[in-house]
Amino acid sequence: MDFPYAGVTPNELSFAARDERYRRLHEWGEPSYLHPSGLRMIWKYDDVRTVLDAVLPGVSTANSLDPLVGYSRIATTPSAILPFLRHLLPPPAKATANLTDLGLHKKVWDTMSGADGHFTIPAGQRHAREAAMSAHFHAALDELGPGSELDVTALSIAYAARVTGEAVGLPPQSWPNVAIWSSAQSGLLGRRMHGRELGAAVDALGWLFTVSARTVAHGSGLACRLREAELPRRVAISAMANSLAAGVHTISGTIQQGLQRLLSAPDRAWWSLLADPNQAGSVAIKLMHLDPGLVAWKRRADKAITLPSGTTLPPGPILALFAAANRDTAAFPDLWNLHGKGKLPLTFGIGRHVCPGKQLATLAITVFLRELHAQAPNAALTPAIGRRPPDLLFSGADIAITT
C-alpha cells in the first residue's frame, strides 16, 4: 500500500477523499514518513501535540515560516530577486510562529491575544463583533453581484480579507489586497513554486511587509498596541504582516471545505442546525476540527529526538499534520458525533504556540456559516471544475452553490 499522502495533498482532494486517506494514514505501519519534499511527516495525536508544543529539548520553531522551496531557490529566480531586494532585505524578523526568544515571544503573544490582547473578544463585545462580521458578509456578497450561482470560494475569501483587514486596523481601501498578500505567504509556505509564479509571490509578500511597516508606524488598532508594547520595530512589523497573512486562508479554507461536507451529507443535519443560534457555533467548531484551512505546520528537530510516545525522529525539518492528528481515534473515539468527547483538537496549535487569532477565526467562521444558511437554506452544490494545486500546509475547496 502506498503512503496516503506521498503524491497528493489535502488541498487537491474532496472532503470524502481526505476522510479516506486520513483513515488509511492512521493504519500506516510506521509513525513517521519522509516526504519527497524533505519534510518528515508525523500524524499521531500525541506526537503532533508534543512537536507543536515545542517544549521538548531538540524541537525548534525556527523554520515555521521558511518558504518550502528555500531561500536559495528565491535567490536564483530572476523574477524574485528584485522584489526580494526591494522589500525583504534585511529579511523579516522572527515575531510569532517562528520566534525562538521565549521572553519576547510571550510579550508579542500577550499583546495580540493575552487577557486584554488585541484579538481577544470579551463577552461584552461579542454581539458587536458578530454584527460587524455580518455586515462584512453582506458587503462581500453585494460585491459579487447577482447570478444564478454563488461562488462561495470567492465570497469566503473576500469576507475573510475584510474581517482580517479590519481586525488589524488596515484602512478599508487596502482590504482587497489582504487576500493577495495572504495567498503569497501561504503559497510560499506550502507550495513548490517556480519561475514567474514564485516571483509574483515574493513580490506580493514584499508588499505585505512594506505596508505592514507603514501601518506599524502610523496605524491604529493592532499597530497602536504593538507600539504601546514597545516591541522592537522589526518584530512589530513581522507580527503585523503575519497577522494579516494568517487570517484569510485559514478562515476561508475551513468555510469552503466545511460547506462541501455540510451540503453533501444525505440528511444535511448539520447544515440545518445552522438555523439554530445555539447550535451554529457547535457546527463551526466541529468543522474546524475536521476540515481546517491550515492542515499542517513546520517544526525542526535540531538533533535526534525520542518523543514521549517512543517515536524517534532524526535531525531535520518536520511537518506536523495536525488535521490528521484531529482524526486519530485514540484521541477522538467519538469523532463523527457533533458533540463527541475527546482531547483538544490541534487546529489552533497548543501551549505557548496557540494561534493568537483563535477566537476571531472561530467567530468569523460561525457568522459566515450562519449568514449563508439564512441567505440560502436550500443551497445545493454545483459540480466542481478544475483541480487545486498541491499544498502541504493549506487546504480549501472550489465550490459554488445554487440558491
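Given the structure is predicted, the values throughout are model-derived calculations rather than measurements.
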Donor-acceptor side-chain pairing of [X] and [Y] below 3.5 angstrom:
{"X": "Q256", "Y": "T153", "answer": "no"}
{"X": "H249", "Y": "S183", "answer": "yes"}
{"X": "T111", "Y": "R225", "answer": "no"}
{"X": "T9", "Y": "E12", "answer": "yes"}
{"X": "S14", "Y": "Q260", "answer": "no"}

Looking at [X] and [Y], would you say the former's side chain and the latter's main chain have a donor-acceptor pair under 3.5 Å?
{"X": "N11", "Y": "P390", "answer": "no"}
{"X": "E371", "Y": "S134", "answer": "no"}
{"X": "H118", "Y": "A167", "answer": "yes"}
{"X": "D398", "Y": "R387", "answer": "no"}
{"X": "T215", "Y": "V211", "answer": "yes"}
{"X": "D328", "Y": "Y45", "answer": "yes"}
{"X": "W271", "Y": "P377", "answer": "yes"}
{"X": "T347", "Y": "M288", "answer": "yes"}
{"X": "R233", "Y": "V216", "answer": "no"}
{"X": "T96", "Y": "A239", "answer": "no"}

Practice task
Give me the ring orientation class for Y159 and F137: parallel if the planes are under 30° apart, tilted from 30 to 60°, perpendicular past 60°.
Solution key: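 Y159 vs F137 ring planes: perpendicular.
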Exercise for the section: Could you note down all residue pairs passing side-chain hydrogen bond (donor to acceptor under 3.5 Å, both in side chains) where residues 76-93 supplies at least one of them, sequence neighbours left out? Expected result: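 side-chain hydrogen bond (donor to acceptor under 3.5 Å, both in side chains) check on residues 76-93 returns H87-T210.
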Practice task
Quick one: which residue pairs count as a side-chain hydrogen bond (donor to acceptor under 3.5 Å, both in side chains) with a foot in residues 282-301, not counting sequence neighbours?
Solution key: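 Listed once each, the pairs are R18-D291, S64-R299, R261-D291, R300-D302.
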With a 4.5 Å cut-off on side-chain heavy atoms, are [Y] and [X] touching?
{"X": "S156", "Y": "I251", "value": "no"}
{"X": "V178", "Y": "L208", "value": "no"}
{"X": "D19", "Y": "L290", "value": "no"}
{"X": "D66", "Y": "L188", "value": "no"}
{"X": "L144", "Y": "L150", "value": "yes"}
{"X": "I399", "Y": "L259", "value": "yes"}
{"X": "L273", "Y": "L338", "value": "yes"}
{"X": "L372", "Y": "L274", "value": "no"}

Salt bridge (charged side-chain N to carboxylate O under 4.0 Å, His left out) contacts in which one or both residues fall within [range], not counting sequence neighbours:
{"range": "residues 41-65", "value": "D46-K343"}
{"range": "residues 174-200", "value": "R191-E197"}
{"range": "residues 149-165", "value": "E143-R162"}

[X] to [Y] - nearest heavy-atom pair and separation:
{"X": "L393", "Y": "L294", "value": "O-CD1, 3.3 Å"}
{"X": "L263", "Y": "A379", "value": "CD2-O, 3.8 Å"}
{"X": "A93", "Y": "S238", "value": "O-OG, 2.7 Å"}
{"X": "W28", "Y": "P4", "value": "CE3-CD, 4.1 Å"}
{"X": "I401", "Y": "T382", "value": "C-CG2, 4.1 Å"}
{"X": "V163", "Y": "H136", "value": "CG2-CD2, 4.1 Å"}

Problem - Atom pair CZ (R234) and OG (S212), whose distance is rounded to the nearest 0.5 Å - result: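 R234 CZ to S212 OG: 13.5 Å, rounded to 0.5 Å.
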Problem - Distance, nearest 0.5 Å, that separates OG of S182 from CG of L244 - result: 9.0 Å
Handout entry: E20 bridged to R23 by N-O distance under 4.0 Å
Key = yes
Handout entry: Stepwise side chain to side chain contact (heavy atoms under 4.5 Å, CB included) check, V69 with L198
Key = CA-CA 9 Å; V69 298; L198 178 58; 4.2 Å; yes
For atom [atom1] of [X], is the number of surrounding heavy atoms from other residues, nucleotides or ligands below 6.0 Å larger than 12?
{"X": "E30", "atom1": "CD", "result": "no"}
{"X": "D2", "atom1": "CG", "result": "no"}
{"X": "K358", "atom1": "NZ", "result": "no"}

Handout entry: From CA spacing to verdict: side chain to side chain contact (heavy atoms under 4.5 Å, CB included), W109, L99
Key = CA-CA 10 Å; W109 195 92; L99 184 55; over 6 Å; no
Problem - Ring center gap for Y22 and Y5 short of 6.0 angstrom - result: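 Yes, the ring centres sit under 6.0 Å apart.
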Handout entry: F3 and W43 aromatic centres sub-6.0 Å
Key =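 Yes.
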Problem - Working for side chain to side chain contact (heavy atoms under 4.5 Å, CB included), residues I81 and I74 - result: CA-CA 7 Å; I81 296 172; I74 292 173; over 6 Å; no
Practice task
Could you pull out all residues at least two apart from R126 that satisfy salt bridge (charged side-chain N to carboxylate O under 4.0 Å, His left out)?
Solution key: E130
Exercise for the section: Decide side chain to side chain contact (heavy atoms under 4.5 Å, CB included) for W175 and E166; before the verdict, give the C-alpha distance in whole Å, the side-chain angles of both, and the deciding distance to 0.1 Å. Expected result: CA-CA 8 Å; W175 292 349; E166 182 186 52; 3.7 Å; yes
Practice task
Evaluate the criterion side chain to side chain donor-acceptor pair (under 3.5 Å) for residue pair S395 and Q257; output intermediate values, then yes/no.
Solution key: CA-CA 8 Å; S395 186; Q257 296 173 120; 2.5 Å; yes
